[in-house]
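Quick notes on the structure that follows.
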Amino acid sequence: MSVVDLRLVSEHIDISDEAIHLLSKSEQEHYANLRIKWDGKLIEANTYVVFHSCARGPAKGGIRMSSHVTLEETRRLAELMTYKCALTRIPFGGGKSGICIDPNNITADARRVLIQNYVHVFGHYIYKGTYVPAPDMGTTPSDMAAIYGLTHMTESVTGKPPRIGGLYGREEATGYGIATTTRMAAKDLLGKSTDKLTVAIQGFGNVGRWTAKFLHDWGAKVVALSDIYKAVYMENGLPIDEIMKSKTLEDSTLPEIAPNDLLTLPVDVVIPAAIENVITEDTAKNLQAKLVVEAANDPTTKEGDAVLMSRGINVIPDILANSGGVIASYIEWRQGKSGSLTERSETYAAIEKQISGAYKEMTEFVNERKTSYRLAAHSLAVKEVADSMRDRSWI
Ligand code: NAD
């Protein structure tokens, strides 16, 4: 099932049936059962590589490593990438990889060999530049370094460590973009500056931790954070700089709450930054925040979204809120192609420029047509992709 409801979108933009037909399915879907023998043990991983649409450029999208990832999930994530790039005017198409294995249950060496096997099987697309991978949930800059180690082409993969052709600011780019989006939306929709905000963030991985850090640095009170191990809560704000010293909350001694309670705390903004489908109908009914900023991909179910809308709770959709990562990836890819160097401040400026441009367009659409932010973002993005398909005489 598509993430974007193309029929609903077609009520707001001029789009042909042919375009709807093409966008309702992936352009390419590839499967492999990756196998390695490690320490006498067979390790297998069902692996999916999906290109949703390459109308606007090479397929761009991270590699997710998780014991739950499926073809359907990879498909939805690739589709989101198409529209994220289109909405923020980044000249990439949408792709994604899913490697179905528990990243915490495989040694670093075995993992490196698995990634090498992934490149061995799917490298054709990476060498040709048809697909440009990056980190996603469960993968890291070191994994991207392993890919670079095989291709020796600096533009073949993004999210690399800065000393081997990576980009200063890429690590924190997604969090920087989410914090920037939160700042703009809270001002417009809640009438509050960042230093007056209370925030709860689910997820303390790459995205959650950097979102917390920027919002905290800009004066917001981050009162709750959670990861797979536990959820911590302090009404007067968590000591974010102290927490940032650890990669997980596993050993934290801060006051705890039940992880399920985090999303329904009495805060101004809730930021799901971990996994998909966490804002269900039930959660949405009990949400106390007046604003949801989607840092994770696909964190709100269709039913949850309907409840939030009926309750007048605004949702800033994933394809805008978490686009900082792909914007930075584009700068890294461009840097790799040109051989130039980019300062961290330039990375931040590019994120701010692309996100605030898209935010402005989305807000104008909402004001003119009285739609949700999600429908506005989807409509603008679909129009951009459909126009590109026309430019290429595909339709
Ligand atoms: P990550 O692997 O670095 O971190 C994931 C975090 O979620 C960890 O803290 C983990 O403990 C936590 N988590 C997992 N299951 C959980 C659960 N049931 N409840 C609470 N916490 C849980 O991943 P990431 O890169 O931070 O990605 C998080 C989300 O953001 C994903 O949806 C990803 O697709 C999206 N995203 C990531 C980027 C990026 O640049 N990394 C860019 C755009 C979107």
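As the structure lists them, so they are numbered: ligands from 1, and atoms in each ligand from 1. In what follows, every heavy atom counts, from backbone to side chain, and hydrogens, waters and symmetry copies are set aside.
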For ligand 1, which is the ligand I care about here, please tell me if [X] has any N or O atom under 3.5 Å from one of the ligand's N or O atoms.
X: D136; value: yes
X: I228; value: yes
X: T174; value: yes
X: G203; value: no

Between N277 and T301, is any side-chain donor less than 3.5 angstrom from a side-chain acceptor?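 Checked: N277/T301 side chains show no N/O donor-acceptor pair below 3.5 Å.
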Mark the output for [X] as yes if a heavy-atom distance to ligand 1 is under 4.0 Å, and as no if none is.
X: E73; answer: no
X: G138; answer: yes
X: R64; answer: yes

Under 3.5 Å donor-acceptor, K160 side chain and V157 backbone: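 Answer holds: yes.
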Would the distance check show the side chain of E27 and the main-chain N or O of C54 forming a donor-acceptor pair, the cut-off being under 3.5 Å?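 Between the backbone of C54 and the side chain of E27 there is a qualifying donor-acceptor contact (under 3.5 Å).
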Tell me which part of E294 gets within contact of ligand 1: side chain, backbone, both or neither, using heavy atoms under 4.0 Å.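 For E294, no heavy atom sits under 4.0 Å from ligand 1.
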How does A273 reach ligand 1, by side chain, by backbone, by both or by neither, if only non-hydrogen atoms under 4.0 Å count?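 For A273, the contact with ligand 1 is made by the backbone alone.
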Taking everything shown except K230 itself, do over 12 heavy atoms lie less than 6.0 Å from its NZ?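 For K230, atom NZ is crowded (more than 12 foreign heavy atoms under 6.0 Å).
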